[in-house]
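Atoms considered below: every heavy atom in the structure, side chains included; atoms not considered: hydrogens, waters and symmetry mates.
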Amino acid sequence: MKALTWLFLFCLMVSPGLAQETLDYTKEIIPVLRKNCYTCHNVGNPKGGVNLERYEEEGRIIKDGQLWLKVVDQVKTKEMPPSNKPALNENDYHILVEGINGILIKSLEKKTPGKVVIRRLSHTEYHYTILDLMGVSYDAAGRFPADGSGGGGFDNQGGSLFFTPLKMERYYDAAEEIVSRTLEDPNKWDKLVPDSYQQTIWQRFINWLMPKFSSDFTPLNPPEKAAERVIFPFAGKAFRRLIKVEEKEKFIDLFSGIYASMPEKPDPMRFNQSVAEVFKAILISPSFLYKMEEEPNGNEPVALGDFELASRLSYFLWSSMPDDTLFQLAVAGKLQDQKVLEGQVNRMLNDPKAIRFSESFVSQWLGITKLRDPNAPLADQAKFPDFTPPIREAMFRETTAFFHHVLTESKNFLDLISSNYSFLNEPLANYYGIEGVKGNDFQKVMLTNTNRGGFLGMGSVQAVTSLPTRTSPVLRGKWVLEEILGTSPPPPPPDVAELPEDESLHEDLGLKALLEKHRSDPACQSCHEKMDPLGLGLENFDADGKWRESYGNTPIDPSGVLATGETFEGPSELKKLLLLEKEKFARNLSKKALSFAIGRGITFTDEIAIRELTTSLMEHQFNPDQFIAELVHSYPFRMKIKDFQKKVNEIE
């Protein structure tokens with residue numbers, strides 16, 4: 001598969017008609033941009049927020065490669081120039097598409113994996129790491145100050161994981177509480193400290209007596225030796241690596257000082273409390289709170305170390321530290337072996353802990369974390385009384401259970417767009433009007449009504465893409481474009497008029513008629529003709545996720561015509577049309593998953609990896625196993641570089 005991708009790129013680079021061989025950016029490409037694009041996309045009138053006039057040098061195109069990939073795509077699909085402007089002639093078309101694409105492809109000849117990632121544990125990662133390390137369930141999201149989401153829209157992005165004095169204070173409090181709870185629970189403590197330490201009367205006597213006669217006497221059963229057997233393995237797990245000699249010395253010095261300060265307390269209490277204080281120090285150490293990767297010495301990309309690779313893999317698929325199996329493979333230096341790594345991916349996806357990936361990834365991708373936020377502006381319960389907190393939680397569970405089934409059982413990511421099943425419990429099934437589901441456990445339910453299958457048929461998505469008092473076809477259409485197809489409409493003009501909120505107008509005319517009136521304004525038409533049909537096709541789903549047939553007095557008409565000309569008659573047919581956009585969906589899923597896996601936003605330098613992942617999905621019928629294996633073998637996931645920003649500047 002990689003060979004096919006590179007063959008494609010090679011063909012682009014060596015084709016005799018391409019820009020990097022025959023065209024000069026300043027003399028040949030800029031005149032075409034000036035003639036066809038600058039009228040709308042200039043310094044004084046950057047339509048859609050895009051100012052192409054400022055790209056005076058070839059290097060600036062490379063710096064904003066993601067934007068220029070979109071420019072090329074819109075020219076290729078004839079979306080630009082817009083229909084109300086003169087079309088490009090054949091020569092201008094080839095100069096822009098082949099010329100700009102050639103510049104971009106040539107800039108990617110030398111791969112750049114991305115900067116060394118030093119990221120604080122997200123609240124989700126902290127919660128699961130503490131759970132796996134100590135067996136304590138700590139509500140980090142509820143106890144710590146909230147984090148934002150980074151450039152990729154996920155809470156594990158380095159750009160959003162700031163450190164503040166308040167957070168440090170909360171980490172101290174958390175360490176105190178977590179270790180105290182562990183110490184008070186004999187079962188949990190015995191797992192961390194399996195041997196109860198205590199000196200016999202004879203050992204204490206000899207240890208007291210012999211130093212009086214010999215300065216070289218080695219104490220019998222000293223507490224420090226027992227502490228080493230407990231503290232060093234704990235620290236290695238907590239730090240996700242082998243601990244250093246100087247760290248060992250500091251741990252034992254800390255233990256000895258605390259142990260010596262409590263002569264009045266008997267063992268094993270004295271020993272356990274001393275160990276507990278060292279555990280607290282470990283839990284507030286940067287080596288625990290941060291996922292650190294050692295910066296390379298040279299300026300060229302290098303492979304991650306085994307422990308670094310183990311951590312990337314475990315936090316990607318489990319939101320937690322490596323388990324004993326991963327840790328021991330890292331110790332043995334075996335994770336660099338492709339077959340070993342693939343075997344670990346399969347093992348981890350089949351482990352119950354993989355549900356953490358499903359919940360964290362899909363809920364943030366789709367934006368349905370709002371369902372668990374009591375302050376989120378979702379369907380107003382006064383107007384939608386059945387939209388209760390338990391129903392909101394059930395909608396969340398439906399979506400995450402469905403995604404996990406696709407990931408681990410159905411093995412076809414296209415089910416996310418359209419499927420003939422979902423995961424429901426009895427209350428949510430009754431809410432949707434689906435009969436025959438019994439019990440509170442979520443179970444796979446075959447659907448006779450194909451309007452409900454896939455993400456677009458789920459109450460979670462319908463609720464978070466609506467306003468508190470009504471649906472919003474614009475929001476839903478924009479959501480489908482961005483989260484399913486990975487394309488973004490330009491921002492609205494600053495003086496655009498809002499839809500009237502008069503409820504009687506909505507009931508008498510319906511949103512379809514109101515939107516048709518709204519987009520009669522030429523300033524609104526180009527964007528709305530892409531978004532509105534997608535959103536209007538889902539209008540049978542109300543703001544609370546229930547099915548409806550009318551707006552008060554007006555029947556709902558869910559039919560529509562896409563901007564590309566295809567017609568449909570409601571949610572089921574709309575999803576069939578979306579299934580035809582396999583490449584866009586594959587590319588979007590690839591970008592989302594890679595961003596989540598490496599903990600940073602996607603940049604233009606990741607373009608080769610994105611194309612390889614997209615190709616993998618297409619070639620393997622959207623099989624999750626093949627896709628995840630390809631992702632963990634990808635260049636950005638496996639490699640690191642000393643100074644990413646310096647490399648970007650050099651590319652410019």
Side-chain angles (χ1 to χ4, degrees), residues 5 7-109 481 485-491 493 522-531 562-566 581 583-584 587 604 607-608 610-611 614 651-652:
T5 301
L7 179 61
F8 167 73
L9 296 177
F10 178 75
C11 291
L12 284 177
M13 289 186 281
V14 301
S15 178
L18 284 189
Q20 69 268 23
E21 297 293 340
T22 61
L23 298 183
D24 180 272
Y25 175 70
T26 302
K27 294 180 180 179
E28 298 178 86
I29 298 178
I30 282 185
V32 177
L33 291 170
R34 184 180 296 117
K35 172 184 172 184
N36 297 281
C37 307
Y38 287 178
T39 304
C40 296
H41 302 288
N42 55 59
V43 175
N45 178 33
K47 190 172 183 180
V50 177
N51 170 19
L52 299 183
E53 196 174 21
R54 73 186 186 90
Y55 294 90
E56 300 169 350
E57 298 91 21
E58 184 175 307
R60 292 192 177 188
I61 284 186
I62 298 169
K63 181 180 179 182
D64 288 344
Q66 293 283 63
L67 168 66
W68 284 92
L69 284 173
K70 293 180 181 178
V71 171
V72 171
D73 184 64
Q74 294 207 318
V75 172
K76 286 174 63 177
T77 58
K78 306 296 176 69
E79 293 185 55
M80 288 292 164
S83 56
N84 60 349
K85 298 289 183 180
L88 294 172
N89 62 47
E90 192 71 13
N91 185 57
D92 288 354
Y93 173 86
H94 286 290
I95 286 175
L96 289 184
V97 172
E98 296 175 357
I100 294 171
N101 199 45
I103 292 171
L104 297 176
I105 295 301
K106 187 174 182 180
S107 73
L108 294 171
E109 289 178 5
L481 284 175
L485 302 180
T487 60
S488 299
C524 304
Q525 183 177 0
S526 61
C527 297
H528 281 279
E529 68 183 5
K530 298 176 184 178
M531 296 186 294
L562 299 183
T564 48
E566 297 94 337
E581 299 282 7
E583 186 172 356
K584 288 183 179 179
R587 180 177 174 85
F604 176 60
E607 180 62 19
I608 297 299
I610 295 300
R611 293 186 184 194
T614 301
I651 290 173
E652 294 179 28

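For the atom pair CG (Leu33) and CD1 (Ile100), the distance works out to 5.0 Å, reported to the nearest 0.5 Å. Here CE of Met80 is found 11.0 Å from CG of Leu88. Values are rounded to the nearest 0.5 Å. Between the CG atom of Leu96 and the CD atom of Gln74 there is a distance of 12.5 Å, given to the nearest 0.5 Å. Once rounded to the nearest 0.5 Å, the distance linking CG of Asn51 with CG of Leu67 reads 10.0 Å. Note: Ile103 CD1 to Ile105 CD1 = 11.5 Å, rounded to the nearest 0.5 Å.
The backbone N or O of Lys27 sits less than 3.5 Å from a side-chain atom of Asp24, completing a donor-acceptor pair. Panel note: side chain Asn42, backbone Thr39; a donor-acceptor pair is recorded below 3.5 Å. Under a 3.5 Å cut-off, the side chain of His41 and the backbone N or O of Val50 do form a donor-acceptor pair.
For Tyr55, the ring pair (Phe, Tyr, Trp, His ring centres under 6.0 Å) criterion is met by Trp68, not counting sequence neighbours. The side-chain contact (heavy atoms from CB on, under 4.5 Å) test applied to Lys76 returns Val72, Tyr93, Val97, not counting sequence neighbours.
Between Leu104 and Leu108, the closest side-chain pair of non-hydrogen atoms is not below 4.5 Å. No side-chain heavy atom of Leu562 sits under 4.5 Å from any side-chain heavy atom of Glu581. Counting only heavy atoms from C-beta outward, the side chains of Ile61 and Ile29 never approach each other to under 4.5 Å.
The two residues Glu57 and Tyr25 have their closest heavy-atom pair at C-CE2, 3.6 Å. Annotation for Glu53 and Glu56: closest pair O-CG, 3.9 Å, computed over non-hydrogen atoms.
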Checking side-chain contact (heavy atoms from CB on, under 4.5 Å) for the pair Met531/Leu481: CA distance, chi angles, key distance, verdict? CA-CA 7 Å; Met531 296 186 294; Leu481 284 175; 3.6 Å; yes
With side-chain contact (heavy atoms from CB on, under 4.5 Å) as the test, would you mind laying out the steps for Ile30 and Tyr38 before giving the verdict? CA-CA 10 Å; Ile30 282 185; Tyr38 287 178; 4.1 Å; yes
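Sequence neighbours left out, the pairs with a member in residues 81-92 that pass salt bridge (Lys or Arg N to Asp or Glu O under 4.0 Å) are Lys35-Asp92.
For the pair Arg611 and Glu607, the salt-bridge criterion is met [side-chain N within less than 4.0 Å of a carboxylate O]. One finds no salt bridge joining Arg587 and Asp73 here, because no Lys/Arg side-chain nitrogen approaches an Asp/Glu carboxylate oxygen to under 4.0 Å.
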